Amino acid sequence: DYSVMLVSMLRHQRVPARVRSGVARYFYPVEGDLEDHFICEFWNEAENRWQRTDAQIDSVQKRVLQLAIDMTDLPQDQFLDAGESYDELASGRVKPAKIGIFDTRGWRYVHYKLVSDLACVNSVEVLPWEAWSICERIAADTLSEEDGALLQEIARLLAGLRASPDRFWEAREFFTTHPDLKMPANYEPYYFELPIFK
């Protein structure tokens, strides 16, 4: 909600902005957990870069969590988008139990976040755990080999956005045309069965 609100305010001021779906390192730095989170990313025209900011963390939370980082300009390693989360898990730099939220962790979690983040960078600000098409197979742990290849391609596209902002159009084309990614015309929200929703 905080991220969507800030993105809306920035867009109203004609500043390019988007929600990013991923994990934050700063909630549990000692334990090394990467916790589910959403942030705002906006285009910093003066510095020619996407700048990440966490609109949810206020001065009280910052003090309680003992955060020394600038929440308006997050260091690169403090918030990982879904593509970066995928890389962390695939490389073995993070153990499956250390990434996610509640009982949804590891690959199942990261696979869902890939779809969520790709939607967000395409200005489809889905609610947390909202799911459609391939997301339903992720939730049910019934992914096919083709699904695995699709998720790898999403990770590649998200990595491409980090390498060059101009590659956004490739990600947009993929998201809006792939039958397992675009939302159906008669779409009704479906949610992962997380403890918070039970």
Side-chain angles (χ1 to χ4, degrees), residues 1-12 15-29 33-44 49-62 64-65 67 69-89 94 98-106 108-132 134-135 138-139 151 154-155 157-159 161-162 165 168 171-172 175 181 183 189-197:
D1 293 342
Y2 290 94
S3 298
V4 171
M5 180 178 68
L6 180 55
V7 164
S8 299
M9 293 166 67
L10 288 165
R11 287 177 181 168
H12 183 70
V15 175
R18 58 196 184 192
V19 173
R20 296 307 302 263
S21 180
V23 292
R25 196 184 298 279
Y26 42 85
F27 292 122
Y28 300 102
D33 288 1
L34 298 175
E35 179 80 2
D36 181 66
H37 203 45
F38 292 80
I39 54 108
C40 165
E41 195 172 59
F42 68 92
W43 185 249
N44 184 325
R49 68 180 176 100
W50 286 99
Q51 181 171 328
R52 293 176 170 180
T53 182
D54 190 338
Q56 182 175 337
I57 305 300
D58 60 19
S59 59
V60 174
Q61 292 170 310
K62 192 171 179 183
V64 170
L65 294 170
L67 298 176
I69 61 177
D70 182 356
M71 304 311 292
T72 66
D73 192 0
L74 295 171
Q76 187 63 34
D77 66 338
Q78 291 300 300
F79 176 85
L80 307 180
D81 63 47
E84 292 164 330
S85 301
Y86 182 93
D87 292 344
E88 286 290 290
L89 196 54
V94 61
K98 288 290 187 178
I99 186 166
I101 191 169
F102 305 128
D103 293 331
T104 303
R105 298 192 168 271
R108 183 171 178 246
Y109 169 82
V110 169
H111 285 157
Y112 169 75
K113 291 297 270 191
L114 286 170
V115 182
S116 171
D117 196 31
L118 184 63
C120 286
V121 298
N122 279 282
S123 300
V124 179
E125 291 84 19
V126 293
L127 294 168
W129 311 114
E130 189 174 347
W132 65 99
I134 190 175
C135 300
I138 294 171
L151 292 164
I154 295 172
L157 290 167
L158 292 173
L161 292 179
R162 293 192 299 276
F168 164 74
R172 183 166 187 79
F175 176 72
L181 295 176
M183 292 181 174
Y190 162 90
Y191 296 93
F192 263 42
E193 289 189 10
L194 292 179
I196 193 170
F197 295 125

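These numbers were taken from a predicted model, which means no experiment stands behind them. Values below: all heavy atoms of this structure, side chains included; hydrogens, waters and symmetry mates excluded.
Residues Ala139 and Arg108 approach most closely at O-NH2, 2.8 Å, considering heavy atoms. Heavy atoms only, all atoms of each residue included: Gln61 and Asp58 are closest at N-OD1, 2.8 Å. Among all heavy-atom pairs drawn from Val115 and Cys135, the shortest one is CG1-SG, 3.6 Å. Between Ser116 and Val126, the closest heavy-atom pair is OG-CG2, 3.9 Å. When all heavy atoms are compared, the tightest approach of Ala17 to Val7 is O-CG1, 3.8 Å.
Without hydrogens or angle criteria, Thr53 side chain to Met71 main chain gives a donor-acceptor distance under 3.5 Å. Remark: the backbone N or O of Ser21 is paired with a side-chain donor or acceptor of Asp117 at under 3.5 angstrom. A donor-acceptor contact shorter than 3.5 Å links the side chain of Trp132 to the backbone of Leu181. Here the side chain of Lys62 pairs a donor or acceptor atom with the backbone of Ile69 at under 3.5 angstrom.
In this structure, Lys113 is positioned above the aromatic face of Phe38, its NZ or CZ under 6.0 Å from the six-membered ring centre and within 45° of the axis.
Within the 4.5 Å cutoff, the side chain of Phe175 has heavy atoms near those of the Val124 side chain. A 4.5 Å side-chain heavy-atom check between Gln78 and Arg52 finds every atom pair outside the cut-off. Side-chain contact check for Tyr2 versus Cys40: every heavy-atom pair is 4.5 Å or farther apart. At a threshold of 4.5 Å between non-hydrogen side-chain atoms, the residues Trp50 and Leu161 do not count as touching. Here the side chains of Val23 and Val110 are not in contact, with every heavy-atom distance at 4.5 Å or above. Asp73 has its side chain out of reach of Asn44: every pair of non-hydrogen atoms, C-beta onward, lies at least 4.5 Å apart. You'll find the side chain of Leu158 stays beyond 4.5 Å of the side chain of Tyr86, heavy atoms only. In this structure, the side chains of Glu130 and Pro128 stay at 4.5 Å or more apart for every pair of heavy atoms.
Scored by the ring-ring contact (aromatic ring centres under 6.0 Å, His included) test, Phe79 finds no partners at all (sequence neighbours excluded).
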> After noting the C-alpha distance and the side-chain angles of Tyr109 and Leu89, does the key distance pass the side chain to side chain contact (heavy atoms under 4.5 Å, CB included) rule?
Replying inline: CA-CA 11 Å; Tyr109 169 82; Leu89 196 54; over 6 Å; no
>> If you apply the rule side chain to side chain contact (heavy atoms under 4.5 Å, CB included), what do you find for Asp36 with Tyr112, and how did you get there?
In response: CA-CA 11 Å; Asp36 181 66; Tyr112 169 75; over 6 Å; no
>> Checking Ser85 against Leu34 for the side chain to side chain contact (heavy atoms under 4.5 Å, CB included) test, could you report, in this order, the C-alpha distance in whole Å, the side-chain angles of both residues, the deciding distance, and whether it holds?
In response: CA-CA 9 Å; Ser85 301; Leu34 298 175; 5.9 Å; no
> Please walk me through it: do Leu118 and Leu114 pass side chain to side chain contact (heavy atoms under 4.5 Å, CB included)?
Replying inline: CA-CA 6 Å; Leu118 184 63; Leu114 286 170; over 6 Å; no
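Atom-to-atom distance recorded for Arg49:CZ and Glu41:CD is 10.0 Å, nearest 0.5 angstrom. Here His37 contributes atom NE2 and Ser3 contributes atom OG; the two are 6.5 Å apart, rounded to the nearest 0.5 Å. To the nearest 0.5 angstrom, Ile39 atom CD1 is 10.0 Å from Leu80 atom CG.
Among Arg105, Lys98, Arg25, the single residue meeting the side-chain hydrogen bond (donor to acceptor under 3.5 Å, both in side chains) criterion with Asp33 is Lys98.
Few gaps surround CZ on Phe168; more than 12 heavy atoms of other groups in view lie less than 6.0 Å from it. Residue-environment remark: CG (Asp77) exceeds the threshold of 12 foreign heavy atoms within 6.0 Å.
A salt bridge does not link Arg18 to Asp81: none of the charged nitrogens lies less than 4.0 Å from a carboxylate oxygen.
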